[in-house]
Structure formats: structure tokens, C-alpha cells
Amino acid sequence: MAFAVLERALARITESGWLGDRLDIAWHAGEPLVLPRDYYAVALDLCDAALGGLTAVHHGFQTNAILLDHAWCRFVLERGISLGVSLDGPARFHDSRRVTRSGTGTHARVMQGVRLLQEHGVPFHVICVVGAEALACPDELIDFFLAHGIFRLGFNIEELDGVNRTSSTVDSEPAYRSFMARVIERVRQSGGTLRVRELESMRDALTDPGFDRYRDNDQNRPFAILSIDWQGGIATFSPELLGTAHARYGEFIFGNVATQALADITTDAHFRTVADAIAAGVRACAERCAYFPVCLGGAPANKLGELDDFAGTETMNCRLTQQALLDAVLDDLERYGAMPARVATAGAVRS
Amino acid sequence: MTSPSQDQVASVGHVAAPAERPDLASRIERARRQLAPAKEERAPGDGRWQNWYSR
């Protein structure tokens, strides 16, 4: 993204009046570290200049860690950037899908990056994509991460959305339930050292003061998530929609920062068609699904990917990441009670 | 970010109450009571990383 585009995007955000007290800027959907550090030094300064004093800004990179070096590690630390590493566990899982253009697995190079981060004391978490094979092996996954000093994990179940038209985990609900039950056991056994995003997110949802009052989630609330592509194209709702198109809805770019204010988009006919369909889907979820107070209407990208309709309701993504997860958390709570709260420690932020 | 006001984007408002399924609802309520004390013990900002939307 050219600096001029970034500056226009920041101006559109500030003029909207929709800034909350915190803005997380995620540099992702493509490897962010292919751009030089100098680029980010300027980009982050531009963000600070535009948004400083208006909101708390936090930057995050989701990276494959391959391009990390000592200078990158120092930069990430100095700028307080949150770092997520895409690592799918042991090489046999990771290398089955994450390969270079020549077809070579990237696991060894990713682990080199992980060791560099640890050497520099850079906090990071890992996003682990779980396909059907790994779903049957929760202990192998967790043993691998613990053995390598990685304690903060997020498990992304391979899913149907956006550009992903196939998944190895279709109809894998029983396996997912077993997987999460075992993950919860391992988190308990770790005494709080192991932290899993899905469990903490569910705990946060259940303990949120606004529980039972919320009527939607960030993915189906217009402009709670704002996605801007390198050309300044504006998208919202599920980030996976950016860069995709649909026979009925067309592309999910609703405007461009060069020519349109965010508020103008809200009255655009194309946007209204999508927003109304998503809202209809949320209403249908609220009416039909007992899990609605936790999931708040699901993910539009998954509804479109699986049901070919934003106005639909239950998806595999719902059944796994909301229903099965909540069931597993409730089962565990009923059996063992609440886990002791984890207090932030130096050890726990190693990964 | 926050969102446009409801008069700017009439979307998700006016939803009907969720279908009644007392079993799950009561399990959720029990869980909320169990988890409430633990929540207060957490360090401020501790949950930052998990809110990340990323692949």
C-alpha cells in the first residue's frame, strides 16, 4: 500500500467519527514482512500522526516468520507490534500445505524464525490451521508447541469461506469435539501456562458485562471491521470477503478511500444489499439458535461460502467453533469448575 | 472501530428473542456465575492477543 493510500485511509477513518477507544491495525492477508522495515517505520509513524490522541492504536503482523532476522526482531519489540506466526505444528502437518513455489515445505525456516523471536524475547502467538489429520492428534500438536516453548495458540479449523472452496474438515464435528475436549484438558494440566485463543475468547464472551444485550458481532456489524486493500478498496464485515466476488452480490469492495467517505458507503445500493442480507441472517440466527447469545449471528464469509447466502443461519463453522466449543467449555466447567485465573508472568509471555 | 448509528445503517436491530432452550440457557448462566470471579483476577489487557482477527 502506497503511503498516499494509507494517508487517505487514515483520513477517512478519522473523519468518519466512528473511532472507538481502541483501533487494532492488522497487517495481513499476504506476508507483511516482504516489505522492508523502512516501509513500516514510515507507515506506523503516519498512523500515529493521524490517530494519536484520538484512539489507542495497536499494530499486529501475521507472518510466516521466514523473513525474520535480528533487525526485524528489534523493530517489532521497539514498536510494540503484536506478532502472530502461522505454524501448523510438526513438519508433517505444516509442510503438507505450507510450501514454497518450488514445492518445498517451509517448516524448518519457520522454526528458525521462531528461535530468533525467542532469542530476542519477542512475545508472539501461533495461529495453527487444523485440517482433518491434525484434528485427530491434539496431543501431538500441543506436545510439539510446548517442546518448542510456544504457549499461546490459536487453532483455525480449516474452513469454507472466501477463496477456500474445499476443506478437509467437512463433517468433522465429532473429531472437533474430541479435539477441543482434549485441548481443554491439556490447558488444565498446564496450570495456565498454555493459553488457547478459542477458550479465552469463549470465557471472555461468557463473562462480558454486555452478555445478553449484544445483538451482533464484529463480523456482521458494518464497519466494526474495516478492510482496506493495497489500492485503497474498502470492504467491511468478514475480512475474508475482501478480494472475493459472488454471482449475486458481485465484489465486496464498496468504495475507495480516494473518492469516498465511509459514511457515503452506508447509503450505497450495493452495500445496502449486502448489509441487509447479512442483517437478515443475524435476525434468523437470533430467532432460531440457542447459541446466539454467544456467537451473535455467525460469520458472513462462512455463510456465503457454505450456504451461498448471507441470510442463512447455521454453518459448519458455527457447529464447530461456536456450538461444539461452547459445549466442550460447559462440559469442562461442570466437571471441574472454573480454572484458576492465569496471572501474566514472564514465562507465559515467552511465546 | 465503532459503527455507524442505527439510523445510518438500519441493519441488525429489532431482533426477536432467541428460541427458548432452557437447558443450554441455564448451563450458560451457571457457567457465567462460575467464571465471573476468575475474570476479575485477570491482568488488564491480558486478552489483547486473542482478539486478533487473523489467518
Side-chain angles (χ1 to χ4, degrees), chain A residues 13 18-20 23-24 26 28-29 58 60 62 82 84 86 125 127 152 154 156 197 200-201 203-204 206-207 211 215-216 218 220-226 239 263 266 275-276 278-279 282-283 286-294 297 326 329-330 333-334 337-344, chain B:
Chain A
I13 290 170
W18 299 338
L19 270 173
L23 181 69
D24 291 307
H28 67 148
H58 298 275
Q62 183 64 28
S82 297
S86 302
H125 63 270
I127 301 286
R152 295 191 300 163
N156 280 357
R197 176 190 58 182
E200 298 200 3
S201 297
R203 183 175 67 174
D204 283 351
L206 288 168
T207 55
F211 190 86
R215 299 283 82 189
D216 52 24
D218 282 355
N220 49 48
R221 184 182 315 129
F223 295 102
I225 296 172
L226 176 67
T266 61
D276 290 348
I278 289 173
V282 175
R283 284 195 297 274
E287 287 161 7
R288 293 172 202 169
C289 183
Y291 293 83
F292 181 80
V294 170
L326 177 61
V329 167
L330 294 179
L333 279 169
E334 287 161 7
M339 287 188 211
R342 192 201 67 82
V343 176
Chain B
M1 293 176 68
T2 59
S3 289
S5 62
Q6 287 298 317
D7 58 341
Q8 287 172 293
V9 181
S11 58
V12 184
H14 312 297
V15 291
E20 283 296 316
R21 290 194 198 174
D23 183 52
L24 183 62
S26 61
R27 292 181 76 199
I28 289 174
E29 193 45 47
R30 269 200 307 276
R32 295 189 65 224
R33 283 197 300 272
Q34 275 181 289
L35 289 169
K39 170 85 171 178
E40 290 166 12
E41 292 170 31
R42 297 177 68 196
D46 208 22
R48 176 178 159 194
W49 72 278
Q50 80 220 2
N51 295 324
W52 250 51
Y53 197 88
S54 211
R55 292 287 142 188

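Naming convention: chains lettered A, B, ... in sequence-line order (proteins, then strands); numbering from 1 in each chain.
For the atom pair OH of A/Y291 and CD1 of B/I28, the computed distance is 8.0 Å after rounding to the nearest 0.5 Å. In this structure, the separation between CZ on B/R32 and CG on A/L333 is 13.0 Å, given to the nearest 0.5 Å.
Interface remark: B/R33 contributes no atoms to any contact with chain A (heavy atom separation under 4.5 Å).
Nearest heavy-atom pair across A/L330 and B/A31 is CD2-CB, 3.4 Å. The two residues B/Q34 and A/A338 come nearest to each other via the heavy atoms O-CB, 3.6 Å.
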